[in-house]
2 protein chains.
Amino acid sequence: MHKNLKKIGIEMKLTTKGRYAVLALTDLALERDEDFVKISHIAMRQNISSTYLEQILLKLKRAGLIVGVRGPNGGYKLASEPEKIMIADIINIVEGKMEAKGCVSKSGSCTGVSGRCMTHDLWDELSRHIELFLGQISLRDIIKGNVLGRSSPPRAFDY
Amino acid sequence: MHKNLKKIGIEMKLTTKGRYAVLALTDLALERDEDFVKISHIAMRQNISSTYLEQILLKLKRAGLIVGVRGPNGGYKLASEPEKIMIADIINIVEGKMEAKGCVSKSGSCTGVSGRCMTHDLWDELSRHIELFLGQISLRDIIKGNVLGRSSPPRAFDY
DNA sequence: TAGTTCTTGACAAAAATACTCGGAAAATAT
DNA sequence: ATATTTTCCGAGTATTTTTGTCAAGAACTA
Ligand code: FES
Ligand code: FES
C-alpha cells in the first residue's frame, strides 16, 4: 500500500544536473575552435561548481558525447558536430534514462485489474511528447537561438 | 556561487502528488453519479494513502476544482463537468505553480551579462510546450481514453 | 447526542539531489 | 626523472524535496 508509486518518474526527468549538462555543452559548442576546454573554465564561465561539473562531464564522456584528455592543455571537446548532438541525448545521459516505462508493470499495482490505470496513457504520451521535443533540438539550435517557435513534428494520426 | 540554480525547476513539475491528484479526480469523474465520494473510498480504490490524499484533495478544494461536504454521506465531488477540468490545472494546483519563470531573474546570475543564459529560451519553450499539452487534455479525455495520438495545437509560425 | 467525514497545521521519515573530498592515472613540460 | 597540470574515479556528506503521519477541530447527519 502506498509504496507502489514511489519510484515512478516521468521518462524525462529534469534537474539542475541536466541543465548544467546542457549549459556546459553549449559552452563547449561555442568554444569549438580552442582545441580543449578545461572543466574549470566552463565552471567559471557558467558559474557552476567545478567538482560537480566533473561528475557530469564524466558521464557525458563515457557516453561518447564528448572526449577528454588529461594533463596540461587538456580538457574536453565535443565528440561531434553541434548539430548532431540533441538535447534529449544529453539529458538522458546525465539524468539517467528512466527504468523502462517507469510505472506499474513490476508491482502490478496502480489500480487493480487491467494492469494499467486510467492515467497511464497520459503520462506515457506526455513523456513521448517531451522526448520528441527535446530530441528535435540540437546544440547548434541553441547557440543559434533557433529554439523559439518550434512546433512538434507532424503526427500520422489526429483527431 | 553554485547556489543560484538551486531552486530552478521546470514550470510543470511532476511528482506522485500530481499523479495522485489526477488519478483521484479521474476516479471522481467516473463516480459522478454518486453524489459524494469519500476520501477513503478513493484512497482504497486507487491504492493511495488516505491521509496523504486528504492533503491533496484539500488543495484542489481550496482552488475550487472540487467541493467537499462533511459528515455522514459527505465526501468530494467535482465542481464542474469533467470536460472543463484540464490536467494542467490539476497539476499546477497540487504541485504549486512554479515561481514565475523560475530561473535567473531574481539573482541575476546564471551566466553573466545579458541576464539570460543561452539555454534560457530552451527551458522556457519546453515548459510552454508541456503546459500546452496538458492544458489541452481534460478529465473527460482520460476516462474516454482520448489521450493517445493527440498532437500539439497548431502554431502561428514555423520553420 | 453520537458518529461520521472533511479541515487544518505541524511534524517526521524517507528519498532524491546537489555537492565535496581524497587520491590515482595520464599527459606534458622542465 | 620529477613536478605540474588536468582528467578520472569512487565514495561520502549535506541539503532539499517528497512523501507521509498525527492529533485535534469543525461541520454535518441521524
Ligand atoms: S501509471 Fe498507473 S498503470 Fe501506468
Ligand atoms: S535559465 Fe539561465 S537565464 Fe534563464
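Each chain gets a letter, A, B and so on, in the order its sequence line appears, and its residues count up from 1.
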Which pairs with one or both residues in residues 60-95 of chain A pass ring-ring contact (aromatic ring centres under 6.0 Å, His included), sequence neighbours excluded?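 ring-ring contact (aromatic ring centres under 6.0 Å, His included) check on residues 60-95 of chain A returns no pairs.
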Strictly by ring-ring contact (aromatic ring centres under 6.0 Å, His included), give each pair with a member in residues 43-66 of chain A just once, sequence neighbours left out.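 Found A:Tyr20-A:Tyr52.
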Provide, to the nearest angstrom, the distance between the [atom1] atom belonging to [X] and the [atom2] atom belonging to [N].
| X | N | atom1 | atom2 | result |
| --- | --- | --- | --- | --- |
| B:Lys38 | C:dG3 | NZ | C1' | 12 Å |
| A:Lys59 | C:dT17 | NZ | P | 10 Å |
| B:Leu14 | D:dT18 | CG | C1' | 13 Å |
| B:Leu57 | C:dT7 | CG | P | 9 Å |
| A:Ile48 | C:dC19 | CD1 | P | 10 Å |

Name the nucleic acid region contacted by A:Ile39, choosing base, sugar-phosphate or nothing; use a 4.0 angstrom heavy-atom cut-off, strictly under.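 Sugar-phosphate contact only - A:Ile39 comes under 4.0 Å of backbone atoms but never of a base.
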Per the end-axis method with five pairs at each terminus, what is the bend angle of the helix from C:dT1-D:dA30 to C:dT30-D:dA1, to 10°?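 Result, rounded to 10 degrees: 10°.
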Under the side-chain contact (heavy atoms from CB on, under 4.5 Å) test, residues paired with A:Asn73 that sit two or more places apart: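 For A:Asn73, no residue satisfies side-chain contact (heavy atoms from CB on, under 4.5 Å) once neighbours in sequence are set aside.
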By side-chain contact (heavy atoms from CB on, under 4.5 Å), which residues pair with A:Met44, not counting sequence neighbours?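 Partners of A:Met44 under the side-chain contact (heavy atoms from CB on, under 4.5 Å) test: none.
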According to a strict under-4.0 Å criterion, is [X] in side-chain N/O contact with OP1 or OP2 of [N]?
| X | N | result |
| --- | --- | --- |
| B:Lys17 | D:dT18 | no |
| B:Lys61 | C:dC6 | no |
| A:Lys13 | C:dT17 | yes |
| A:Thr16 | C:dA18 | yes |
| B:Thr51 | D:dG20 | no |
| A:Tyr20 | C:dC19 | yes |
| A:Thr15 | C:dA18 | yes |

Would you list the pairs meeting salt bridge (charged side-chain N to carboxylate O under 4.0 Å, His left out) in which at least one residue belongs to residues 64-82 of chain A, sequence neighbours left out?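 Listed once each, the pairs are A:Arg32-A:Glu81.
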Determine, for nucleotides 25-30 of chain C in 5'-to-3' order, which nucleotides have protein heavy atoms under 4.0 Å from the base (write B), from only the sugar-phosphate (write S), or from neither (write -). BSBSS-
Can you figure out which of C:dA18, D:dG20, C:dT20 approaches the side chain of B:Tyr52 most closely?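 Closest nucleotide to the B:Tyr52 side chain: D:dG20.
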Treating A:Asn92 as the side-chain partner and A:Asp89 as the backbone partner, does any N or O pair qualify as donor plus acceptor under 3.5 Å?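 The answer is no, because no donor-acceptor pair under 3.5 Å joins these two groups.
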Do the side chains of B:Arg128 and B:Glu131 get close enough for a salt bridge, i.e. N-O under 4.0 angstrom?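 Salt bridge between B:Arg128 and B:Glu131, a charged N being under 4.0 Å from a carboxylate O: no.
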Can you list the other members of the hydrophobic cluster that holds B:Phe36, where links are side-chain heavy atoms under 4.5 angstrom apart?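 For the cluster that includes B:Phe36, the remaining residues are B:Val67, B:Val69.
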Could I get the full list of side-chain hydrogen bond (donor to acceptor under 3.5 Å, both in side chains) partners for [X], not counting sequence neighbours?
| X | answer |
| --- | --- |
| A:Asp35 | none |
| B:Asp27 | B:Arg45, B:Gln46 |
| B:Ser40 | none |

Please enumerate all protein N or O atoms sitting under 3.5 Å from an N or O of nucleotides 9-11 of chain C, with distances to 0.1 Å.
{"from": "C:dA10", "atom 1": "N6", "to": "B:Gln55", "atom 2": "NE2", "distance (Å)": "3.4"}

